[in-house]
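Some notes on the structure that comes next.
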Amino acid sequence: MIRKHDDFATRLLRWFDVSGRHDLPWQHPRTPYRVWLSEIMLQQTQVKTAAPYFERFVAALPTLRDLAQAPLDDVLALWSGLGYYARARNLHAAAIRCVELHGGELPRDLDALTALPGVGRSTAAAIASQAWGDRHAILDGNVKRVLSRYHGVSGYPGLPAIEKRLWQLAEQHVTGAPDARMPDYTQAQMDLGATLCTRSDPSCVLCPLQDDCVARVDGRVAELPTPKPGKTPPQKYAHVLWAEDAQGRILMLRRPPTGIWASLWTLPQADDEPLARDWFERHLSGDYAKAEALSPIDHAFSHYRLQLQPLRWHGTRLRARIGDNDALRWVAREELGSLGIPAPIRRLLETRTET
DNA sequence: AATCCGGGGTA
DNA sequence: TACCCAGGATT
């Protein structure tokens with residue numbers, strides 16, 4: 001096969017050496033544990049957002065064994081505000097499994113890595129290639145975007161047929177990377193997609209692949225990758241009960257381990273106002289009618305929108321037969337920081353903290 | 001293979 | 001507001 005240029009990997013690495021990101025927190029030192037943690041945090045999350053969480057997390061739990069031994073609540077508290085909390089629960093479960101099955105280390109084997117909860121094909125490949133320099137192709141959002149453009153692949157990359165084609169191309173390109181440079185090759189693909197081959201307004205004139213990028217040559221850069229087909233998510237409503245006792249402590253509820261905001265601490269929630277009253281009457285003593293209705297909170301999930309109407313009371317007490325327990329407890333304001341709390345609920349509680 | 005699931009930041 | 005970001009799990 002005759003090539004007009006050096007191959008994909010060679011050009012990409014030459015660009016990376018000059019213009020790649022070499023000072024990300026998880027690169028110094030680049031240990032398997034830190035690489036793994038960073039890959040999980042970076043799932044569906046941008047570097048800028050994840051970086052401060054990463055630093056805080058490794059400071060609190062420096063090793064995989066520390067993570068395995070930590071209570072889940074501590075892990076969720078470190079994750080609080082980062083979103084996609086199943087990642088934190090999977091991370092914790094995976095650490096425990098590594099202690100049980102792999103001597104407290106991450107396994108250097110793609111199938112064993114993929115078997116860990118929260119680790120799929122691309123994440124396993126990213127870990128193995130960066131932590132040990134093993135030769136594996138990755139296919140994250142960045143690589144999908146780069147390859148869609150470079151090869152002119154039309155169709156939403158989330159579709160199985162398109163994704164299969166992109167995996168084929170990724171596997172093809174990875175053969176061109178030098179043995180000693182697998183960690184850099186993996187990082188280089190992500191850097192190219194994140195800093196240069198961006199979704200909107202990419203810097204094609206600086207791109208090492210511009211000469212034979214199909215999208216560039218055909219003037220289709222703005223149309224690729226094909227965007228996700230749109231759909232209007234349903235709007236849902238709920239009331240949240242913000243009850244405080246005489247000491248100003250807040251009644252918090254631990255959500256079940258599955259579903260939205262799994263295992264996180266939130267305010268008690270009811271699907272409508274009569275159910276909110278019902279919950280209040282069953283659990284609290286006080287005057288329901290004294291509720292202060294605060295301004296509603298709008299929160300968007302990927303598959304529906306949720307509007308929360310907060311109702312607030314002061315000086316309430318739990319009914320005697322309910323009592324404090326594992327899933328329902330009074331929380332002092334100073335304790336809020338140590339609990340895993342969804343971002344909109346935390347914002348609600350902290351912006352109204354002085355009233 | 002198709003479908004489901006889910007927080008937050010940004011343009 | 002629409003969109004999507006270093007995807008994975010379930011069916």
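Chain A is the first sequence line, chain B the second, and so forth, proteins listed ahead of strands; every chain is numbered from 1.
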Please classify the nucleic acid contact of [X] as base, sugar-phosphate, or nothing, using heavy-atom distances under 4.0 Å.
X      : result
A:L24  : base
A:R346 : nothing
A:Q130 : nothing
A:R87  : nothing
A:G81  : sugar-phosphate
A:A343 : sugar-phosphate
A:W26  : base

How many Å lie between [atom1] on [X] and [atom2] on [N], as a whole number?
X      : N     : atom1 : atom2 : answer
A:W261 : B:dC5 : CH2   : C1'   : 15 Å
A:L113 : C:dG7 : CG    : C1'   : 16 Å
A:W79  : B:dG7 : CH2   : C1'   : 12 Å
A:L224 : C:dC3 : CG    : C1'   : 17 Å
A:E163 : B:dA1 : CD    : P     : 10 Å
A:I138 : C:dA6 : CD1   : P     : 11 Å
A:Y156 : B:dA2 : OH    : C1'   : 13 Å
A:L159 : B:dA1 : CG    : C1'   : 11 Å

Using atom names, set out every protein N or O paired with an N or O of nucleotides 8-11 of chain C below 3.5 Å, distance rounded to 0.1 Å.
{"from": "C:dG8", "atom 1": "OP1", "to": "A:G120", "atom 2": "N", "distance (Å)": "2.7"}
{"from": "C:dG8", "atom 1": "OP1", "to": "A:T123", "atom 2": "N", "distance (Å)": "3.3"}
{"from": "C:dG8", "atom 1": "OP1", "to": "A:T123", "atom 2": "OG1", "distance (Å)": "2.3"}
{"from": "C:dA9", "atom 1": "OP1", "to": "A:G118", "atom 2": "N", "distance (Å)": "2.5"}

Could you pick out which residue, A:K164 or A:A86, lies toward the 5' side of DNA chain B when each is mapped onto its nearest nucleotide?
->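 Comparing both residues, the 5'-ward one is A:K164.
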
A:A262 or A:G158: which one's nearest nucleotide on DNA chain B is closer to the 5' end?
->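 Of the two residues, A:G158 wins.
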
Does the ring of A:W242 carry A:R312 above it, NZ/CZ under 6.0 angstrom from centre and within 45° of its axis?
->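 So A:R312 does make the cation-pi contact.
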
Nucleotide nearest [X] when distance is taken to its side chain, options [options]:
X      : options             : answer
A:R199 : C:dC3, B:dA2, C:dA6 : C:dC3
A:Y84  : B:dA2, C:dC5, C:dA6 : C:dC5
A:Q44  : C:dG7, B:dG7, C:dA6 : C:dG7
A:Y85  : C:dA6, C:dC5, B:dG8 : B:dG8

OG-CG distance between A:S80 and A:L339, expressed to the nearest 0.5 angstrom =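 Between atom OG of A:S80 and atom CG of A:L339 there are 8.5 Å.
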
Examine A:W79 together with A:Y84 and report whether their ring centres are nearer than 6.0 Å.
->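 No; A:Y84 has its ring centre 6.0 Å or more from that of A:W79.
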
Taking atom P in both B:dC4 and C:dA6, what distance in whole Å separates the two?
->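 B:dC4 and C:dA6 have their P atoms separated by 25 Å.
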
A:T195 and A:R21 side chains, donor-acceptor separation under 3.5 Å |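 The criterion, which ignores hydrogens and geometry beyond distance, is not satisfied for A:T195 and A:R21.
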
Looking just at side-chain N and O atoms, do A:R87 and A:N90 make a donor-acceptor pair shorter than 3.5 Å?
->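 A:N90 and A:R87 do not have a side-chain donor-acceptor pair below 3.5 Å.
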
Salt bridge (charged side-chain N to carboxylate O under 4.0 Å, His left out) with A:D179: which residues, sequence neighbours excluded?
->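 For A:D179 the salt bridge (charged side-chain N to carboxylate O under 4.0 Å, His left out) partners, ignoring immediate neighbours, are A:R135.
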
By salt bridge (charged side-chain N to carboxylate O under 4.0 Å, His left out) - contacts of A:R165 (at least two apart) |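 So A:R165 forms no salt bridge (charged side-chain N to carboxylate O under 4.0 Å, His left out) with any residue.
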
Run the numbers on A:D212 and A:R11 for salt bridge (charged side-chain N to carboxylate O under 4.0 Å, His left out), then give the verdict.
-> CA-CA 12 Å; A:D212 56 346; A:R11 279 180 285 161; 3.0 Å; yes

Taking only side-chain nitrogens and oxygens of A:K48, does any of them come within less than 4.0 Å of OP1 or OP2 of B:dT10?
->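 So the side-chain polar atoms of A:K48 do come within 4.0 Å of the phosphate oxygens OP1 or OP2 of B:dT10, strictly under.
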
